[in-house]
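This is the structure I have questions about; it appears just below.
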Amino acid sequence: MPELPEVETTRRGIAPAVVQQRIVDVKVRERRLRIPLTPDTERAVLGQWIQAVERRGKYLLIALERGVVLVHLGMSGSLRLVAVDTPPRRHDHVDLVLGNGRCLRFHDPRRFGLVHWIESPAEAHPLLCHLGPEPLSEQFDGQVLYQRAAKRRCAVKTLIMDSRVVVGVGNIYANEALFLAGIDPRRAAREVSIEQYQALAERIRQVLSAAIEQGGTTLRDFVREDGNPGYFAQALRVYGRDQKPCVICGAPIVQTRIAQRATYFCTQCQH
DNA sequence: CACAAGACCTGGCAGC
DNA sequence: TGCTGCCAGGTCTTGT
């Protein structure tokens, strides 16, 4: 699913329709999410006005008058805006029914995602308080990566996917950014130079920004708030391209596994 | 502290 | 047409 660009695409899609709306009903069809959805969430949320829709890493924060609804899309989740009378489909677990006759509907076949109400301040919540900087903010650069890499023998790919180091970089965009930066994903994090980390940080920002502009990457599950896919999949240079020619040098892209995750790279272009 | 591996789930697909 | 096994965009927890 959803890495940062898909979550940001969802945020931008739903915000105009839900901000300044009142939650007039909450329908829960499945409580067994990553965090079980308890009745106090419904009780707390009902009748409140939505103030804003923000994002922290891959979490969506629906800010209410009192507290915040945290939404995470896990691997297979999506949020859609539908008319109130739209019949639910399989795996449509939660509806927030709004005063304007629309409904924010959470769908997640694998149930790795969550919908969870918390009291403010959200930043202090255990799910959010250890998160690293936002990759598209001023707080993030090559220096941050280099410092955090200091004692770490894990692969550089694993480092940039660690949400305590930087948020939002999932498996697809980690592969893509390392390709664009010309860095072998298997390299030990502490062996990578500051110059290379500066290039890598720049490429992470670039690939995430480009993906947001395209509405994210749809491989199978992800849909935008209007039910349409994102279009960045066609721009992927290495992810999913095992044995296909490198777009730079033509050598076959190689697939391997790093920390249990599919990893794609060009042995000619990445060192 | 750093790291690897397992756990959580369902659905889609390849191969037999 | 089944059935089986493997794979998938993400974290969190456990054990070394």
Side-chain angles (χ1 to χ4, degrees), chain A residues 1-10 29-37 55-60 70-79 89-94 106-116 125-132 135 147-178 186-191 204 207-208 211-212 214-224 229-243 255-264:
Chain A
M1 138 34 251
E3 302 185 32
L4 185 149
E6 293 73 42
V7 179
E8 179 61 18
T9 294
T10 298
R29 299 177 198 86
E30 175 60 80
R31 298 189 178 277
R32 295 171 300 165
L33 305 178
R34 188 175 117 204
I35 296 176
L37 202 165
R55 180 187 57 72
R56 180 74 178 97
K58 297 173 191 167
Y59 288 89
L60 281 170
L70 274 185
V71 178
H72 196 289
L73 301 179
M75 292 276 262
S76 59
S78 57
L79 276 177
R89 297 192 290 192
R90 192 159 152 76
H91 306 303
D92 283 344
H93 304 316
V94 184
F106 175 76
H107 173 90
D108 185 12
R110 290 175 73 182
R111 289 190 276 123
F112 286 0
L114 60 88
V115 176
H116 180 61
H125 191 273
L127 287 173
L128 303 180
C129 67
H130 298 297
L131 295 179
Q147 283 167 357
R148 298 300 303 268
K151 288 170 293 185
R152 300 192 55 174
R153 356 167 150 246
C154 66
V156 57
K157 176 168 180 261
T158 306
L159 181 85
I160 62 173
M161 291 179 66
D162 183 343
S163 63
R164 292 165 305 181
V165 174
V166 57
V167 296
V169 183
N171 199 34
I172 295 179
Y173 300 112
N175 279 292
E176 295 296 308
L178 285 159
R186 300 167 299 181
R187 295 255 319 268
R190 59 179 183 179
E191 312 285 326
I204 288 171
V207 74
L208 294 178
I212 291 169
Q214 295 293 305
T217 299
T218 296
L219 296 181
R220 51 186 75 81
D221 297 324
F222 178 70
V223 289
R224 306 172 58 158
Y231 295 105
F232 196 71
Q234 60 201 53
L236 297 176
R237 290 165 171 89
V238 286
Y239 184 85
R241 297 194 65 246
D242 186 28
Q243 305 283 70
Q255 177 178 359
T256 182
R257 287 192 96 72
I258 295 176
Q260 328 269 65
R261 313 301 299 274
T263 302
Y264 303 87

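Just so it is clear: chains get the letters A, B, ... in the order the sequence lines come, proteins before strands, and each one is counted from 1.
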For nucleotides 6-10 of chain B, tabulate all protein N/O to nucleotide N/O atom pairs closer than 3.5 Å, reporting atom names and distance.
residue, atom, partner, partner atom, Å
B:dC9, O3', A:Arg111, NH2, 2.9
B:dC9, O2, A:Arg110, NE, 3.0
B:dT10, OP1, A:Arg111, NH2, 2.8
B:dT10, O4', A:Pro109, O, 3.4
B:dT10, O3', A:His91, NE2, 3.2

Q: Choose from C:dA8, C:dC12, B:dC3 the nucleotide whose nearest atom is closest to any side-chain atom of A:Ala262.
A: C:dA8
Q. How are the rings of A:His116 and A:His125 set relative to one another: parallel (under 30°), tilted (30 to 60°) or perpendicular (over 60°)?
A. perpendicular
Q.
Which residues pass the ring-ring contact (aromatic ring centres under 6.0 Å, His included) test with A:Phe112, not counting sequence neighbours?
A. none
Q | Value in whole Å for how far the C1' atom of C:dG10 lies from CG of A:Leu127 | A | 13 Å
Q: Return the minimal non-hydrogen interatomic distance between A:Ser76 and A:Asp108, and the atom names on each side.
A: OG-OD1, 2.6 Å
Q: Would you mind telling me which of B:dC3, C:dG10, C:dA8 lies closest to the side-chain atoms of A:Cys154?
A: B:dC3
Q: Using a heavy-atom cut-off of under 4.0 Å over every strand shown, decide if A:Thr217 touches base, sugar-phosphate, or nothing.
A: base
(Q) Among A:Val238, A:Ile258, A:Leu236, exactly one meets side chain to side chain contact (heavy atoms under 4.5 Å, CB included) together with A:Asn175. Which residue is that? (A) A:Val238
Q: For A:Asp162 and C:dT11, give me the distance from atom CG to atom C1', rounded to whole Å.
A: 11 Å
Q | Below 4.0 Å: OP1/OP2 of C:dT11 and any side-chain N or O of A:His72 | A | yes
Q. Within this structure, what is the OH-to-P distance between A:Tyr239 and C:dC7, rounded to whole angstrom?
A. 12 Å
Q.
The side chain of A:Arg153 is closest to which nucleotide in this list: B:dC3, C:dA8, C:dT11?
A. B:dC3
(Q) Evaluate A:Asp162 against A:Arg152 for salt bridge (Lys or Arg N to Asp or Glu O under 4.0 Å), listing each step before the verdict. (A) CA-CA 12 Å; A:Asp162 183 343; A:Arg152 300 192 55 174; 3.0 Å; yes
Q.
Could you tell me if the side chain of A:Ile172 sits less than 4.5 Å from the side chain of A:Leu219, heavy atoms only?
A. yes
(Q) Measuring from the side chain of A:Lys58 (C-beta onward, heavy atoms only), which nucleotide among C:dC12, C:dG10, C:dA8 has the closest atom? (A) C:dG10
Q: Please determine if a side-chain N or O atom of A:Lys151 lies less than 4.0 Å away from the OP1 or OP2 oxygen of B:dC1.
A: no
Q. More 5' along DNA chain B: A:Ala155 or A:Arg220, using each one's nearest nucleotide?
A. A:Ala155
**Q.** Separation of atom CG in A:Asp221 from atom C1' in B:dC13, rounded to whole Å
**A.** 14 Å
Q: Determine which bases of DNA chain C form Watson-Crick or G-U wobble pairs with both distances under 3.5 Å, and write the result as a 5' to 3' dot-bracket string with | for other-strand partners.
A: .|||||||.|||||||
